[in-house]
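To start, the structure itself, in structure tokens.
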Amino acid sequence: MHIQHFPHLITAFILGSPGVFLLTSFPSFAAPIDRLVAPEPLNSLAEKPFAQVNSVSQLSDVKPTDWAFQALQSLVERYGCIAGYPDGTYRGNRAMTRYEFAAGLNSCLDRVSELIAAGTTNQITREDLAIVQKLQAEFATELSVLRGRVDALDARTAELEANQFSTTTKLNAEIIVVVTDTSGNRVGDSRDRTNTIVANRGRLNFETSFTGRDMLRTRLEFGNLGRRIADETGTNMTALNFDGNVDNTITVPHLLYVTPLTSNLALTVGPTGVGYPDITDLLTPPTIASDSEGIPSKFGQYNPLYRRGGGGAAVNWTIVKNLTLTVGYVGGNPNLSQQSNGLFNGSYNALVQLAYRGDRGAIGVAYSRTFAPSGKADLTGGTGSFLAARPFGDNIATSSDSVGVQGFYRLAPRLQVHGWGVYTRANAENSGVSSVSDGRGGVVLLNVDGDDRADIVYAAIGISFPDVGGEGNLPGILVGLPGRVTSSNVRRERDTSYHIEAFYRFQVNDNISITPAAWVVVNPENDSRNDTQWVWLLRTGFNF
């Protein structure tokens with residue numbers, strides 16, 4: 001088949017732009033092309049970009065045996081007027097719209113203009129030019145729309161380039177607004193000291209990648225929760241997972257860098273705000289541990305064993321698929337050079353965890369070694385009783401060894417269970433008289449020897465129901481035993497506290513969720529003489 005006439009070539013080319021291959025002789029274009037082909041959505045041009053080809057051999061699905069091969073070859077050699085898809089295909093049997101036809105025509109017109117400007121008009125006959133003029137007239141509207149779209153895209157691209165912050169940085173933001181209150185007399189008191197409040201907390205995470213595989217996170221944070229609820233109720237068992245007291249002052253509490261070292265080894269390092277949750281897997285179901293979308297209580301959010309942090313580093317080694325070993329170390333005050341501070345001479349936390357993650361769940365075993373100078377111990381991450389946090393009081397340096405088991409399993413698409421249990425052996429590191437919590441909002445002075453020991457346990461189990469009541473919704477309940485001193489050479493606790501919590505997250509849309517929740521603490525501070533504490537809240541989370 002020998003192509004001699006430009007009308008045939010134009011027709012063949014049009015099929016070369018993303019559209020149907022209708023190589024046939026059109027004596028007239030009076031009939032609209034969309035009567036000949038099945039139309040597609042008008043946005044197909046934006047969805048399917050195409051590029052000019054310089055040889056038919058570049059089109060993987062065009063063979064020399066195809067009936068239109070010579071036509072395509074002639075178009076390329078004579079006019080350089082063939083376009084294909086980015087994946088190197090031509091898709092000659094596919095239908096096209098008038099807008100796609102116009103796109104192809106526009107490209108070919110540009111090529112004809114180049115040939116005229118270059119003085120190669122001998123390649124174009126009067127018949128060719130007449131056909132071009134007819135095509136321009138027939139598709140004037142589509143060509144105008146196409147050029148308008150291109151101009152609009154150029155303008156938007158220029159605006160984005162002029163206003164972008166960085167080509168490698170993206171923003172992840174979380175804003176929490178909460179209405180909350182408690183009921184029940186303060187620990188050791190005869191009245192309820194809390195009032196209904198409305199407060200907020202916001203985090204802006206700037207995540208930058210330099211290689212495409214690493215990540216530097218810089219966090220800005222603000223909030224106005226005022227005094228912690230625990231300060232008013234007299235127990236950490238009522239703490240929210242996002243409480244604090246910064247009066248909406250913007251701070252930079254977290255700076256972290258993560259990068260792969262090899263195909264199965266990754267390094268995490270940061271000078272501040274680096275906690276166990278940043279260096280290892282928490283082994284909870286998706287979003288359960290989220291401040292804005294998960295369980296609202298500080299105790300119920302995730303295993304308190306992980307509530308340790310500061311500045312330091314960790315490595316994660318993927319031993320085999322789905323099996324990861326984490327080894328990490330963080331100092332409590334690595335930026336301070338005073339005595340009993342610094343990266344190695346002050347408080348520290350060291351973690352080793354082996355975790356397995358499967359298709360429907362995960363399980364892990366963790367060991368944590370901690371040390372804190374006098375007055376800085378907190379063995380339950382701000383969630384258990386004051387005695388469990390400092391079993392030897394305020395005046396004794398304390399070390400501890402903790403072993404925890406945690407995991408979750410998805411029993412069905414809309415039913416999952418998770419839980420954890422931790423045993424801690426605390427060790428007094430010096431002797432002296434110390435102020436020890438009495439479980440009633442006060443302290444007692446007790447003598448502590450350097451070889452005194454205390455055992456602490458805490459555990460919880462939760463059940464949640466993904467997508468129940470609507471896609472993205474998450475109702476759930478959690479029952480747990482907050483940190484309790486079960487045996488001690490100094491002072492043990494007389495009763496056991498019980499934490500019972502229920503919540504229901506309504507996913508309004510991809511960016512907004514509303515969560516009503518409540519929990520009750522029976523025998524606060526592990527002492528039945530204290531009134532039962534109730535906490536309720538209505539939390540709204542904005543994530544973008």
Side-chain angles (χ1 to χ4, degrees), residues 235-237 239 241 275-285 288-289 294-295 297-309 314 325-330 332 347-356 361-372 377-392 398-409 417-427 437 453-463 478-488 492-493 495-501 519 521 523-526:
T235 175
N236 283 331
M237 298 178 185
N241 65 14
Y276 284 3
D278 300 306
I279 65 176
T280 195
D281 193 337
L282 291 176
L283 303 172
T284 61
I288 282 289
I295 297 178
S297 71
K298 193 171 186 177
F299 170 73
Q301 184 182 22
Y302 55 80
N303 188 346
L305 172 70
Y306 296 109
R307 293 193 179 276
R308 291 157 169 76
L325 176 67
T326 301
V327 179
Y329 175 94
V330 291
S347 60
Y348 69 82
N349 304 278
L351 173 72
V352 177
Q353 174 171 285
L354 184 65
Y356 175 81
I363 189 170
V365 178
Y367 165 75
S368 177
R369 169 73 179 178
T370 70
F371 172 81
D378 185 358
L379 304 186
T380 60
T383 63
S385 68
F386 290 124
L387 183 62
R390 296 179 180 177
F392 310 117
T398 304
S399 64
S400 69
D401 299 277
S402 300
V403 177
V405 178
Q406 45 277 323
F408 73 95
Y409 191 73
V417 59
H418 74 284
W420 66 79
V422 177
Y423 164 77
T424 297
R425 166 61 64 91
N427 311 287
S437 173
R453 303 287 182 268
D455 294 330
I456 303 163
V457 297
Y458 46 91
I461 185 169
I463 301 175
L478 180 133
V479 178
L481 305 175
R484 174 176 180 260
V485 177
T486 57
S487 65
S488 175
R492 59 173 296 180
E493 294 176 300
D495 298 301
T496 300
S497 296
Y498 300 96
H499 177 110
I500 305 170
E501 182 170 7
W519 70 91
V521 180
N523 305 329
E525 292 297 296
N526 295 306

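Just so you know, these numbers come straight off a predicted model, no measurement behind them.
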Can you classify the ring geometry of Y276 versus Y306 as parallel (below 30°), tilted (30 to 60°) or perpendicular (above 60°)? perpendicular
CA sep, side-chain torsions, deciding dist, call: M237, N526, side-chain contact (heavy atoms from CB on, under 4.5 Å): CA-CA 10 Å; M237 298 178 185; N526 295 306; 4.0 Å; yes
Work out which heavy atom in S400 is nearest to a heavy atom in L379; give both atom names and the distance. OG-CD2, 3.7 Å
Yes or no on side-chain contact (heavy atoms from CB on, under 4.5 Å) for L354 and V365, after CA distance, side-chain angles and deciding distance? CA-CA 6 Å; L354 184 65; V365 178; 5.5 Å; no
Within 45 degrees of the axis of the six-membered ring of Y302 and under 6.0 Å from its centre: does R307 put its NZ or CZ there? yes
Using every non-hydrogen atom in the two residues, find where S297 and E501 come nearest and quote the distance to one decimal. OG-OE1, 2.5 Å
With a 3.5 Å cut-off and no angle check, do the side chains of D401 and Y367 form a donor-acceptor pair? yes
Compare all side-chain heavy atoms of V457 with those of L481 and state whether any distance is below 4.5 angstrom. no
On a heavy-atom basis, the closest approach of R308 and S402 is NH2-OG, 4.3 Å
Given Y458, which of P482, P304, S497, S385 fulfils the side-chain contact (heavy atoms from CB on, under 4.5 Å) condition? P304
Quick one: closest heavy-atom pair of N236 and E525, and the distance? N-OE2, 4.1 Å
What are the two closest heavy atoms between I279 and A314, and how far apart are they? CB-CB, 3.6 Å
For residues D455 and R425, determine if any side-chain heavy atom of one lies less than 4.5 Å from a side-chain heavy atom of the other. yes
Quick check for you: to the nearest 0.5 Å, what is the distance between Y329 atom OH and L351 atom CG? 13.5 Å
Is a donor from one side chain sitting under 3.5 angstrom from an acceptor on the other, for N349 and R369? no
Which class fits the ring pair F299 and W420: parallel under 30°, tilted 30 to 60°, perpendicular over 60°? perpendicular
Check R390 with D378, please: is the shortest side-chain N to carboxylate O separation under 4.0 Å? no
Taking the side chain as C-beta and beyond, is there a heavy-atom pair between V417 and I461 under 4.5 Å? yes
To check you understand the geometry: which heavy-atom pair defines the closest contact between A366 and L305, and what is its length? CB-CD2, 3.9 Å
Side-chain heavy-atom pair I288, I295 within 4.5 angstrom cut-off: yes
Any heavy-atom pair between the side chains of Q353 and L325 that's under 4.5 Å? no
If you measure from OG1 on T284 to CG on N303, what distance do you get to the nearest 0.5 Å? 10.0 Å
Determine, step by step, whether R484 and R492 satisfy the side-chain contact (heavy atoms from CB on, under 4.5 Å) criterion, reporting the C-alpha distance in whole Å, the side-chain angles of both residues, the deciding distance to 0.1 Å, and the verdict. CA-CA 8 Å; R484 174 176 180 260; R492 59 173 296 180; 4.2 Å; yes
